[in-house]
Amino acid sequence: DSLHSWEDFVYILKGQDFWYMTVLFLFYGAFIVLWLVFANRHIRGVGIILFTIIMSNRLYVMERQDFWYLSNPAFALGVLLALYEPVLKKIPAFVNWILTVIFAIGSALVVRSGLFVEHVWETPEAKIQSEMWAVLIFTLFVVFLASSWKWYDVVLQFLGKYSLYIYLSHTFIFMWVINRGEQEMWQKFILAGVSILAVSIVLGALIQLIMKQVNRLADKLPVPKKIEEKE
């Protein structure tokens with residue numbers, strides 16, 4: 001449910017559940033099969049949507065935890081955006097910005113709702129549907145922001161550089177900050193975000209420094225002489 005100790009964090013690092021890799025490999029497998037069998041992009045698009053629905057429903061029926069299937073629609077959406085990128089590029093810039101603002105507001109409302117609103121769901125399915133809509137809204141916000149903002153390359157490259165460290169440390173740091181202190185929830189939320197980013201940058205810098213030293217040591221090692229073949 002949450003992280004309460006360093007042992008919990010180490011348990012996640014070990015990947016003992018392998019949920020992320022399992023879901024990822026299933027998507028990769030479906031992607032490869034669809035692209036090998038079908039050449040028509042419309043069929044590929046429909047195929048990836050159907051696969052996402054069937055697989056996610058199966059994981060739900062198997063009573064996997066919600067993170068096994070909640071983020072899956074974002075994968076299918078990403079594939080569809082790649083398939084129809086030539087069409088999307090024809091959208092006027094001002095329309096992109098309008099959509100960016102709309103989904104930014106939607107994302108802000110989702111965050112506010114998750115942090116400050118007490119929800120009483122009629123059914124478990126209603127809760128899951130609401131959370132999946134939240135995933136899609138945030139995904140679309142990122143997509144339209146990236147296509148509208150001229151500096152998105154720099155930001156995405158920065159996030160890509162430290163994404164692994166953010167992924168590995170965010171749950172532990174977020175839960176540690178949220179469960180401590182007497183600040184307001186929104187203050188804890190900001191503090192957690194800043195802390196995650198700071199720790200990720202430090203981790204990345206340390207690992208890069210270590211790898212540079214390893215490479216320097218490797219360069220100093222004597223290179224074995226090539227054994228000449230006898231004529």
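Note that the numbering runs from 1 along the sequence shown for the chain.
A donor-acceptor pair under 3.5 Å is formed between the side chain of Thr52 and the backbone N or O of Ile48. Side chain of Asn215 to backbone of Met211: a donor-acceptor contact under 3.5 angstrom is found. Using a distance-only test at 3.5 Å, with no hydrogens or angles considered, a donor-acceptor pair links the side chain of Arg41 to the main chain of Leu83. At least one donor-acceptor pair closer than 3.5 Å links the side chain of Lys188 to the backbone N or O of Ile178.
Partner Asn96 forms a side-chain contact (heavy atoms from CB on, under 4.5 Å) with one of Val143, Leu145, Ile91 and no other, that one being Ile91.
A 4.5 Å side-chain heavy-atom check between Phe51 and Phe27 finds at least one atom pair inside the cut-off. The closest side-chain heavy-atom distance from Asp66 to Ile128 is not below 4.5 Å. A 4.5 Å side-chain heavy-atom check between Arg44 and Val79 finds every atom pair outside the cut-off. Looking only at side-chain heavy atoms (C-beta outward), Tyr165 and Leu206 stay at 4.5 Å or farther from each other. Leu197 has its side chain within reach of Phe158: a pair of non-hydrogen atoms, C-beta onward, lies under 4.5 Å apart. Taking 4.5 Å as the limit, every side-chain heavy atom of Tyr69 sits out of range of all side-chain heavy atoms of Met55. With contacts defined as side-chain heavy-atom distances shorter than 4.5 Å, the pair Gln65/Trp68 qualifies. Residues Phe144 and Ile102 are not in side-chain contact: their nearest non-hydrogen atoms beyond the backbone lie 4.5 Å or more apart.
Distance check, rounded to the nearest 0.5 Å: CZ of Phe94 to CG of Leu99 gives 10.0 Å. Here the CD1 atom belonging to Ile190 is positioned 11.5 Å from the OG atom belonging to Ser195, to the nearest 0.5 angstrom. Note that NZ of Lys89 and CD of Glu85 are 4.5 Å apart. Values are rounded to the nearest 0.5 Å. In this structure, CG on Leu140 lies 10.0 Å from OG1 on Thr100, to the nearest 0.5 angstrom. The distance from atom CE of Met175 to atom NE2 of His170, rounded to the nearest 0.5 Å, is 10.5 Å. Atom CZ of Arg58 sits about 9.5 Å away from atom CZ of Arg64, to the nearest 0.5 Å.
Connection of Val33 to Phe25 is established within a shared hydrophobic cluster, with ILVMFWY side chains joined at heavy-atom distances below 4.5 Å, either directly or through further cluster members. Cluster membership for Val111 and Ile166, using ILVMFWY side-chain heavy atoms within less than 4.5 angstrom, is shared. A continuous path of Ile, Leu, Val, Met, Phe, Trp and Tyr side chains, each step under 4.5 Å between heavy atoms, connects Ile207 with Phe172, placing both in one hydrophobic cluster. Leu80 and Leu50 fall into different hydrophobic clusters, where Ile, Leu, Val, Met, Phe, Trp and Tyr residues are linked whenever their side-chain heavy atoms come under 4.5 Å apart, directly or through other members. Ile137 and Leu109 are members of different hydrophobic clusters when ILVMFWY side chains are connected at heavy-atom separations under 4.5 Å.
In the displayed structure, Trp133 atom CH2 is contacted under 6.0 Å by at most 12 heavy atoms of other residues, nucleotides or ligands. Applying the 6.0 Å contact sphere to CD of Glu125 captures more than 12 heavy atoms from other residues, nucleotides or ligands.
Using cut-offs of 30° and 60° for the angle between ring planes, the Phe138 and Phe141 rings count as tilted.
Minimum interatomic distance between Leu136 and Ala74 (heavy atoms only, all atoms of both residues): CD2-N, 4.5 Å. Heavy atoms only, all atoms of each residue included: Ser71 and Val135 are closest at CA-CG1, 4.2 Å. When every heavy atom of Ile173 is checked against every heavy atom of Ala192, the shortest pair comes out as CG2-O, 4.3 Å.
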